Structures are given as C-alpha cells and as structure tokens.
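Read the numbers this way: they start at 1 and go in the same order the structure lists the ligands and their atoms. As a basis for the values below, the full set of heavy atoms in this structure was taken, side chains included, without hydrogen atoms, waters or symmetry mates. Worth saying up front: this structure is predicted, and the values here are computed from it rather than measured.
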Amino acid sequence: MTKNIDWKKYGLGTQSVRAGQRRTPENEHSDPIFVTSSYVFDSAQQAQARFSGEEAGNIYSRFTNPTVRTFEERLAALEGGERCIGVASGMAAIMTLCMGLLKAGDHVVCSRSVFGNTVLLFQNFMAKFGVETTFVDLTDLNAWESAVSPKTRFLFLETPSNPLTEIADIKALAGLAHSHGCLLVVDNVFCTPALQKPLELGADIVVHSATKYLDGQGRCVGGAIVGPRELLDKEIYPFLRTGGAAMSPFNAWVFLTGLETLKLRMKAHCDNALGLAEWLSGHPKVERVFYPGLPSHPQYQLAQTQQSGAGGIISFEVKGGQDAAWHLIDQTMILSITANLGDVKTTITHPATTTHGRLSPEERVKAGIKDNLVRISVGLEDLEDIIADLERGLNG
Ligand SMILES: *Cc1c(COP(=O)(O)O)cnc(C)c1O
C-alpha cells in the first residue's frame, strides 16, 4: 500500500528517491514500467466517464501513463511546482508550452543566450503563426523592460547561459514580468532543482530537457514542463493530448532512476567543476575562465544567492586562437568530443564551430563566442585524470 504523502514537506534527497511512486497490488519496491498503449475499462459507462473527464484515470499513453506520471510527480516535487507534464524532449517541452500558451498577435521576449534550437523555434516557426519574439541580452534588465509590450505573454531565459555562464536575476525578472501581466519561463537544464529552484524565486514555469542532468547518464531523450496546476491543465496539457509529443514510459523509467542520484551527482559535478575551474584559472596557457563558482566571475554574488552550487559547465579561452583550441580538444584521451552535456562522462566542445557554428562571425562576436573558446561539461571522472587529459594539449 502506498501512503498518501505530501512530498513538498520533504527534502530534495528524499523526494528524489520516493516522490510519485504508487505501488501496484504486486507491492514492488522499485518503480515499475507500464509498457502499454491503452487501458481497459470496467464498463462502457466507465469508458464514457473517463473520456468525458468526469472520472480521473488512464485512457491512452499519449497523455496518461503511470510511469510517466510517477516521473511527473517526482519532478514537480523537486521543483516545488504543483503540476508537471512529461514530454518527448526538451524541445518538445518548449514547443508544447508555446502551442499551449501563444496565439497569433502574441509577443515573447527571449534571452539571446538560449539553446540554439530554442532561438530557431521562436524565430523560424512561432513567427510563421504570427508570434513575434524580441531577443535581448540576458543580464541587461533595461533591455528586458523596454522589450516588453502589452502583447507580451512571457519572458523566456536560461541561467546560467551556455557557454559563457552568465547569470540572470530570476527574482528581478519575475517582478518585471508580473508587473506587466506576463509570465516568466525558466529553462532550468543547467542547474536542475538540485542547485536552483526558479519557482521559489518567482518564476511561473520551468522547462527541462530531461536528456541532460535529470537522466545524467546520457541514455534517453525527454523533457518536462512544471508550473501551476490550473494553467498547465487548462492551457498546456490539452495541447500535449492533441499534439502528441509524449514521453515514452521506458524513458520515464530511465529518468526515474536518474533522479534517484540527482542530488549526489550534482554535488559531485559542482565539486569537480570548481576544482577544474581553479586549476584552469592558474594555467599560463589559459586567458580567461567562465565559471560562476569563481569569485572572479562578474556575477559571483548573484550566483551565490540564487544557486546552491555553481554547476558542471565551464568555458575558457586558450592562448593561440582556434588552432590551440582544436589542438587541446584533439589531444584528449578520455574526454568525449561531443556537444552534449550533463553526463557523468566529461565532454569537450568548440562552440564557435559546433553549437554556435550557424551564427555569422559578426553574430558570434556579439555573442562573445571567440574562436579560442572551449566548453567542458565536467563529469564524474577523478579530477586529476581530467586535468591530466587537458594538461597534455595545453602544454604542447
Ligand atoms: C539540450 C537542451 C535543450 C533541448 O533539449 P532536447 O532534450 O535535446 O530536446 C533545451 N535547453 C537546453 C538548455 C538544453 O541544453
């Protein structure tokens, strides 16, 4: 029997391993996977009650699946939100959010420093349906303020930003959004609720790519939206039911096992990243390190108050331009050369020719992405082995 527990009252570690689980009559201890597309009703009358919404319960796995629901309830508890909707990917989360909330004539203000496909979704696709987006500098409050108009439905940002780890003041931007009658949406992929709780800071909605730290081991693609129950039930869930970007129960089950170790992993990522950032800062071949856990970071104080850890992503500029950056990357033996992040394995990438390669050289300069910039998503290998792998390329 599963006891009815209010998971909000428990700590993050407890929520991570227990929230959302409802045991079946088999009394299993671990979370089961429900691999079924549809569900059987006791009677024609019950089928009618379920379809009309009079009776809660499973209908079809595009929008009701017990494994996905367990993931949703667990992530909602972790983020401190009333309701979570699990979807097929991080991009599906943002797309489902947009399709649910926006209509022709609406306006969005979006940080310029967001995931590349998020920019394309607003710029190339939402624009086709008459939704206009203004892109602004993440840290420039005045720019946000002057971009907001009576048509603005929400502000959208990621913090820390990728790859330069700039920090948005979530509280200030939530205040700005609310004073103009719009919502603040935060993509919390980089911190996860283990390090940052945007809803507690005043944000209205959090979106996730579960593909990154929530899985944490680079296995499955998935996403989620967390926020107020009424808003999600009325405006966003109906689009998932109809639009169909559903999370697979297998992926939900993998994410549940990932969430069990979220608190421990994020602490270990932060410890390794801080150690690496400090080592890089003292290296003569490194010009500049971007990491919010270093007191030299321009927004160190804000990061200290807003986050409980500085995260696992570091960027740095090496002496010698693109050649030196590529040499460093190619000399590594154990680091993975891939643009993915949030994995137990450390990954290394050259943003100017990969994640930001579609920008023109002028746009890259404006975004602060230099040719000698390298980004590392610090994993859980021993710190001395990560350092040794980088030392080789930096020294010759
Ligand atoms: C990866 C990522 C996404 C998109 O997630 P997918 O699961 O790859 O669709 C969105 N936002 C951020 C910050 C990401 O890193």
Could you check [atom] against the protein and tell me its nearest heavy-atom contact, residue, atom and distance included?
atom                    : result
atom 1 (C) of ligand 1  : K212 NZ, 1.4 Å
atom 6 (P) of ligand 1  : G90 N, 3.3 Å
atom 11 (N) of ligand 1 : D187 OD2, 2.7 Å

- Item | R83 charged N/C atom sitting above Y237 aromatic ring, 6.0 Å / 45° |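 Relative to the ring axis of Y237, which defines the angle, R83 lies inside both limits.
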- Task: Using the six-membered ring of Y213, assess whether NZ or CZ of K263 lies under 6.0 Å from its centre and within 45 degrees of the ring axis.
- Result: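 No; the conditions do not both hold, so K263 does not lie above the ring face of Y213.
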- Item | Contact atoms of ligand 1, heavy-atom distance to G222 under 4.0 Å |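 Matching atoms, with element in brackets: 7 (O).
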- Under 4.0 Å from a heavy atom of E158: give me the atoms of ligand 1 that qualify, with their elements. 11 (N), 13 (C)
- Should K285 and E391 count as an ion pair when the cut-off is N to O under 4.0 Å? no
Between [X] and [Y], what is the shortest heavy-atom contact and its length?
X    : Y    : value
K212 : L341 : CD-O, 3.5 Å
Q307 : G309 : NE2-O, 2.8 Å
Y300 : P292 : CD1-O, 3.4 Å

- Query: ligand 1 and T118, any nitrogen or oxygen pair closer than 3.5 angstrom?
  - Reply: no
- Answer yes or no: does an N/O atom from F115 fall short of 3.5 Å to an N/O atom of ligand 1? no
- Run the contact test for A210 against ligand 1 with a 4.0 Å cut-off on heavy atoms, strictly below, and give the result.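 The answer is no: ligand 1 sits nowhere under 4.0 Å from a heavy atom of A210.
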- H283 and F316: ring pair (Phe, Tyr, Trp, His ring centres under 6.0 Å), yes or no, with the steps? CA-CA 11 Å; H283 199 287; F316 56 100; 9.4 Å; no
- Query: Hey, is M91 touching ligand 1 through its side chain, its backbone, both or neither, going by heavy atoms under 4.0 Å?
  - Reply: both
